[in-house]
Amino acid sequence: MDIPKAYDPKTIEKQWYPFWEKRNFFAPERQTAPQAPIFSMVIPPPNVTGYLHMGHALNHTLQDVLARWRRMSGDRVLWLPGTDHAGIATQMVVERQLAKEGLRRQDLGREKFVARVWEWKEHHGGTIQQQMRLLGDSVDWSRERFTMDEGLSNAVREVFIRLYDEGLIYRGEYLINWSPGLQTAISDLEVEMKPVKGKLYHIAYPVQSDRIPAKVEGLVEAYAAASEGETRSGLLRTAAGDFIVVVTTRPETMLGDTAIAINPQDERYRQLVGKSAVLPLVGRRLPFIEDPIVEQEFGTGLVKVTPAHDPNDFAMGKRHGLEFVTVIGKDARMTQAVPEKYRGLDRYEARQAVVADLAAAGLLLKVEDYTHNVGHCQRSGTVVEPLISTQWFVKMEPLARPAIEAVRQGRIKFIPESVTKVYYNWLENIQDWCISRQLWWGHRIPAWYTPEGEIVVARDEAEARRRLAASGQDATVELRQDEDVLDTWFSSQLWPFSTLGWPDETDDLKTYYPTSVLVTASDIIFFWVARMIMMGLKFMGEVPFRTVYINSLVLDPEGQKMSKTKGNVIDPLEVFDKYGTDAVRFYLISASTAGLSFALQPSKLESARNFANKIWNATRFVLLNCGELLEANEPLVWETELARPTLADRWILSRLNRVTLEVNEALAEYRFHEAAAALYHFFWDDFCDWYIELAKPYVTAKTEAPENRAVKRRLVYVLERSLRLLHPIMPFITEDLWQRLPHAGETICLAQFPHHEAKQLDDRAEQEMGAMIELITRLRHIRSIFNIAPSVPLQAQVAIDNEALKETVIHMTEHIKRLARIEQLHLVERVAHGRGTARAVLSGAEIAVPLEGLIDLEKERARLERELAKLTSEYEVLEQRLANEDFANRAAADIVAQTRHRVSVLSDQINKLRTTLETL
RNA sequence: AGGCACGUACAGUCAAUGGUAGACGGCCACCCUUACAAGGUGGAGGUUGUGGGUUCGAGCCCCACCGUGCCUACCA
């Protein structure tokens with residue numbers, strides 16, 4: 001048989017993906033049974049600029065396991081791949097490329113720049129797709145989509161127009177998050193709050209004063225005095241007049257203050273209502289307003305209100321009809337609205353200048369260290385500037401309501417369930433979504449403006465004109481399209497149906513929507529999952545998926561989150577290279593639990609690799625020894641004709657069926673790691689360590705006896721089924737080995753996934769085999785304990801009460817002798833009690849191994865006493881439990897029976913051990 | 001600040017429908033036994049963060065506390 005001695009993942013992993021892809025095994029049309037259930041998934045589209053990272057590797061492996069498992073189980077499986085145009089990320093990549101040529105995107109102009117991005121995409125945009133092939137993703141490449149495809153772009157325009165016509169999309173001037181780094185508005189979700197060490201500045205504003213002196217003396221001391229004791233107050237009465245003290249982390253924004261707010265309940269400042277303060281450095285009059293949002297306990301309970309640069313202040317500004325003075329521009333520099341000396345200063349320079357001037361004027365009363373959360377732009381890292389700007393928004397509340405309802409009704413299930421609460425919490429407090437971006441790469445907003453500034457939303461300019469005409473207006477005017485593009489997530493949220501052809505009612509859409517399950521990471525639950533649910537319900541009238549499985553976060557070996565800035569990112573391709581892709585897949589599946597993070601662990605990767613090696617070598621053993629069987633390519637059925645199945649045969653068949661049941665159940669409930677663990681132990685412990693070992697004498701025998709042939713056929717049968725069970729997790733190695741075995745069909749990908757047969761589950765065989773394993777293990781133990789070399793021949797006596805068990809031992813004598821390395825096995829009524837005899841008491845059997853001269857009596861006594869102590873303590877616990885009337889009355893009957901049985905076994909063992917010790 | 005997780009053997013990584021706590025790695029001892037030293041055999045090691053409660057019975061359910069993560073949030 002031609003099978004390389006060493007398992008080399010690289011060579012076998014290279015050849016199979018092209019084979020699968022060329023023959024189109026992953027197209028759902030491969031499944032021709034008309035009644036086949038549908039199983040569909042859409043891949044979370046990676047950024048077109050992206051590289052496969054560890055998170056993808058896990059996310060894709062989970063999906064691939066499901067896809068392969070369902071496909072083999074007979075479902076018509078569609079797993080649809082694709083990529084996201086990733087507006088900002090992609091634009092930045094190309095801009096960086098331009099920068100190397102000394103160009104900015106503005107130098108090219110919009111049209112040329114966008115063409116350049118497309119060009120980049122054609123040449124460099126396919127990286128992740130190639131990496132997905134390396135990982136083994138069984139996606140249908142013929143249906144690959146891109147969020148800027150013609151079809152998907154069409155869907156985007158359609159959705160925009162429908163939402164606009166319904167009033168769910170609107171344009172308006174509001175306080176938005178501005179990224180000075182990217183020069184665009186961003187959504188709330190794209191703002192990352194990070195603690196920043198800053199200062200808390202206490203600043204005095206004069207109250208109702210006509211003129212502010214150049215320098216006020218003594219305020220600092222007055223404030224220090226006022227800050228003490230019970231009567232803390234931010235109202236200072238001095239010879240120079242009354243002052244109030246406000247507290248801020250951003251003194252530069254004071255230039256845009258237009259009011260001072262106090263809590264209506266705050267008795268300290270009642271007297272101020274109706275009066276006004278004067279803004280230092282500027283001179284503007286600031287009315288005192290009352291607003292419950294002000295917390296009395298914080299600072300002085302007096303809040304400077306900057307409606308144009310703070311979300312709360314903006315809201316107060318709206319409530320109280322305040323003036324909105326924009327003092328910081330989109331370039332993060334001070335605007336013309338501030339006193340001349342500050343104009344054009346960067347916001348942080350302005351802060352220094354303002355602080356210095358306030359100090360000089362005697363109005364800076366106190367500066368404290370203060371760590372607070374500051375919004376950062378997720379992409380560029382710059383500090384976000386809240387400012388007022390005209391943007392497009394989606395009104396979310398009406399869309400959120402049905403999305404909450406759908407989950408409440410159980411039409412969508414989250415795994416783990418705990419994310420449901422997070423989901424509700426976000427949707428119940430949802431804010432409108434700013435969707436316009438001042439970028440060039442993306443879906444351009446389908447809105448046109450007439451010279452009068454009227455908005456016409458339409459699919460294209462021609463339709464815009466028709467719409468104008470329809471409303472009785474001049475359709476020949478010059479129309480200017482909105483310059484902005486949409487947030488990338490606007491198109492991704494349509495992914496589950498836009499990829500299937502929507503708004504056309506295609507066959508794919510009818511067949512595969514809603515999808516079966518979405519596997520994704522927790523960081524995009526709001527960005528993506530929630531919005532897909534809203535859009536699916538809105539435009540398809542049905543949820544986009546039945547189940548959402550949140551996969552783990554993969555941490556570095558130290559348990560730290562991987563990040564580029566930390567430099568601890570592990571490239572999955574390097575890990576594939578080191579351990580083999582199948583091993584990495586197996587590892588990821590066994591290590592991950594829904595919703596929880598785990599640290600990448602080299603030792604476990606190694607053990608996964610060893611497992612793959614084990615599979616390889618077990619197959620190698622079978623191939624080397626069952627060659628003639630393979631050439632005959634006989635059908636693989638469980639052999640019962642040639643020879644009656646032995647205990648070992650019945651046992652392995654039972655184990656195989658049990659693990660089949662476990663794997664199917666575990667996968668159906670998304671308990672991936674349990675499926676992996678069950679397979680690992682079955683294959684290694686049961687099949688390799690016991691069944692193959694037991695089969696060796698038959699398989700390596702020179703004679704062509706029927707029982708030899710039978711065992712070989714059973715070996716191949718179990719192995720072939722095992723490979724099928726393992727295939728979804730380890731696709732490459734299983735395909736490679738399966739092709740070498742007798743098999744039906746072109747590929748293991750389309751071979752049937754085993755299902756268990758209840759009648760082949762054989763509890764008795766498993767119990768009896770368990771007893772054999774115990775017996776052999778205990779005999780080996782004795783040799784090991786007394787440090788006896790394997791070359792020294794040993795005799796053993798076995799005494800068994802149970803007749804059936806005795807039969808089994810007789811039957812398996814030769815196996816026991818070989819596996820326990822015993823020369824002679826004597827079945828006796830009572831085992832010898834000689835002084836030089838090692839003894840062991842099993843459940844239901846007693847063994848003795850004469851070890852004249854080899855045994856250390858004291859050591860043996862100590863060992864047996866330890867054993868006795870262990871058994872006795874267990875016995876006592878269980879005895880006590882049985883003695884408890886409540887236990888007998890209330891516990892389940894089978895538990896009580898089980899306990900009784902265990903107690904009787906224990907008591908028997910204990911008695912025998914005592915005897916043994918006495919006779920020692 | 002609120003919400004959600006997690007805390008189990010060696011400072012390692014993680015399992016265990018409420019019914020006598022396991023795996024992997026590491027460690028110790030012995031073996032190159034004709035598929036595999038990426039292997040085989042045997043072994044040591046845990047009062048499951050702390051304190052209560054529910055239960056015949058709790059690692060698992062409830063409460064509080066301590067510790068660690070993650071998410072959300074308008075504390076100037």
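Lettering of chains follows the sequences in order, A, B, ..., and the numbering in each one begins at 1. Not measured: the values here are computed from a predicted model.
- A heavy-atom distance below 4.5 Å is found between the side chains of A:Leu719 and A:Phe683.
- Every residue was checked against the ring pair (Phe, Tyr, Trp, His ring centres under 6.0 Å) condition with A:Phe288, not counting sequence neighbours, and none meets it.
- For the P atom pair drawn from B:U48 and B:C60, the interatomic distance equals 10 Å after rounding to whole Å.
- Distance check on atom C1': B:A44 versus B:A29 gives 11 Å, rounded to whole Å.
- Residue-level contact check: A:Asp689 touches the backbone only, with heavy atoms under 4.0 Å from sugar-phosphate atoms and none from bases.
- Looking at heavy-atom distances under 4.0 Å, A:Arg821 makes contact with a base.
- In the model, A:Asp432 has no side-chain atom that pairs as donor or acceptor with a side-chain atom of A:Tyr174 under 3.5 Å.
- Using atom C1' as the reference point in both B:G25 and B:C14, the two lie 11 Å apart (nearest Å).
- Looking at A:Asn263, its side chain does come within 3.5 Å of a backbone N or O of A:Val294 through a donor-acceptor pair.
- Side-chain atoms of A:Ser603 and A:Glu606 include no donor-acceptor pair closer than 3.5 Å.
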Please tabulate, one pair per line, each protein N/O and nucleotide N/O from nucleotides 19-24 of chain B that are separated by under 3.5 Å, including the distance.
unit_1, atom_1, unit_2, atom_2, d
B:U20, O2, A:Glu874, OE1, 3.4
B:U20, O2, A:Glu874, OE2, 2.3
B:U20, N3, A:Glu874, OE2, 2.4
B:U20, N3, A:Arg902, NE, 3.3
B:U20, O4, A:Arg902, NE, 2.9
B:C24, O2', A:Ser607, OG, 3.4

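- A:Asn425 comes within contact range of no nucleotide atom at all, as no heavy-atom separation falls under 4.0 Å.
- A straight line from CD1 of A:Ile773 to P of B:G42 spans 11 Å, rounded to a whole angstrom.
- Across all strands, A:Tyr370 comes closer than 4.0 Å only to sugar-phosphate atoms, never to a base (heavy-atom distances).
- Looking at heavy-atom distances under 4.0 Å, A:Lys561 makes contact with sugar-phosphate atoms alone, never a base.
- Residue-level contact check: A:Thr593 touches the backbone only, with heavy atoms under 4.0 Å from sugar-phosphate atoms and none from bases.
- If you check B:A16, B:A35, B:G42 against the side chain of A:Ser784, the one that comes closest is B:G42.
- Nucleic acid contact for A:Ile293: base, since at least one base atom lies under 4.0 Å from a heavy atom of the residue.
- Within 4.0 Å of A:Val303, counting heavy atoms only, lies at least one base atom of the nucleic acid.
- Among residues two or more places apart in sequence or in another chain, the ring pair (Phe, Tyr, Trp, His ring centres under 6.0 Å) test is passed with A:Tyr7 by A:Trp616.
- Among the protein residues, A:Ala599 comes within range of the sugar-phosphate backbone only, with heavy atoms under 4.0 Å from sugar or phosphate atoms but none that close to a base.
- For A:Ile785, the side-chain contact (heavy atoms from CB on, under 4.5 Å) criterion is met by A:His781, A:Arg863, not counting sequence neighbours.
- Rounded to a whole angstrom, the distance from the P atom of B:A58 to that of B:G2 is 32 Å.
- The separation of B:C70 from B:A23, taken at their P atoms, amounts to 32 Å, rounded to a whole angstrom.
- Residue A:Phe598 is in sugar-phosphate contact alone, with no base atom involved, counting any heavy-atom pair closer than 4.0 Å across all strands shown.
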Polar-atom pairs under 3.5 Å, protein N or O versus N or O of nucleotides 4-6 of chain B: list them with distances, or write none.
unit_1, atom_1, unit_2, atom_2, d
B:C4, OP1, A:Lys421, NZ, 3.0

So what does the secondary structure string of RNA chain B come out as, 5' to 3', with Watson-Crick or wobble pairs under 3.5 angstrom, [ ] for crossing and | for pairs with another strand? (((((((..(.(((....[..)))).(((((.......))))).....(((((..]....))))))))))))....
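- Side chain of A:Asp291 to main chain of A:Ala261: no donor-acceptor pair is present (N/O by atom type, distance under 3.5 Å, no hydrogens or angles).
- A donor-acceptor distance shorter than 3.5 angstrom exists from the side chain of A:Arg585 to the backbone of A:Ile729, with no hydrogens or angles considered.
- Toward the 5' end of RNA chain B, the nearer of the two residues A:Ile785 and A:Ala591, judged by each one's closest nucleotide, is A:Ala591.
- Residue-level contact check: A:Arg780 touches the backbone only, with heavy atoms under 4.0 Å from sugar-phosphate atoms and none from bases.
- A:Tyr875 places none of its side-chain heavy atoms less than 4.5 Å from the side chain of A:Leu871.
- When rounded to the nearest whole Å, the span between CZ of A:Arg783 and C1' of B:A29 equals 15 Å.
- Nucleotides B:U47 and B:A38 have their C1' atoms positioned 38 Å apart, rounded to a whole Å.
- Side chain of A:Arg821 to main chain of A:Leu794: no donor-acceptor pair is present (N/O by atom type, distance under 3.5 Å, no hydrogens or angles).
- Distances shown here put every side-chain N or O of A:Trp616 at or beyond 4.0 Å from the OP1 or OP2 atom of B:G39.
- Put simply, the side chain of A:Thr306 never gets that close to the backbone of A:Met254: no donor and acceptor are under 3.5 Å apart.
- Between the P atoms of B:U8 and B:G46, the separation comes to 15 Å (whole Å).
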Please lay out, stage by stage, how A:Phe611 and A:Leu726 fare under the test side-chain contact (heavy atoms from CB on, under 4.5 Å). CA-CA 11 Å; A:Phe611 181 51; A:Leu726 284 160; 4.0 Å; yes
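- One can place CH2 of A:Trp684 at 11 Å from P of B:A38, the figure rounded to the nearest angstrom.
- Comparing the C1' positions of B:G49 and B:C28 gives an interatomic distance of 30 Å, to the nearest angstrom.
- Heavy atoms of A:Ser522 sit nowhere under 4.0 angstrom from any nucleic acid atom.
- Scanning atom types as modelled, one donor and one acceptor separated by under 3.5 angstrom connect the side chain of A:Glu693 and the base of B:A35.
- Stacking of A:Lys696 on the aromatic ring of A:Phe621 is recorded, both the 6.0 Å distance cut-off and the 45° axial limit being met.
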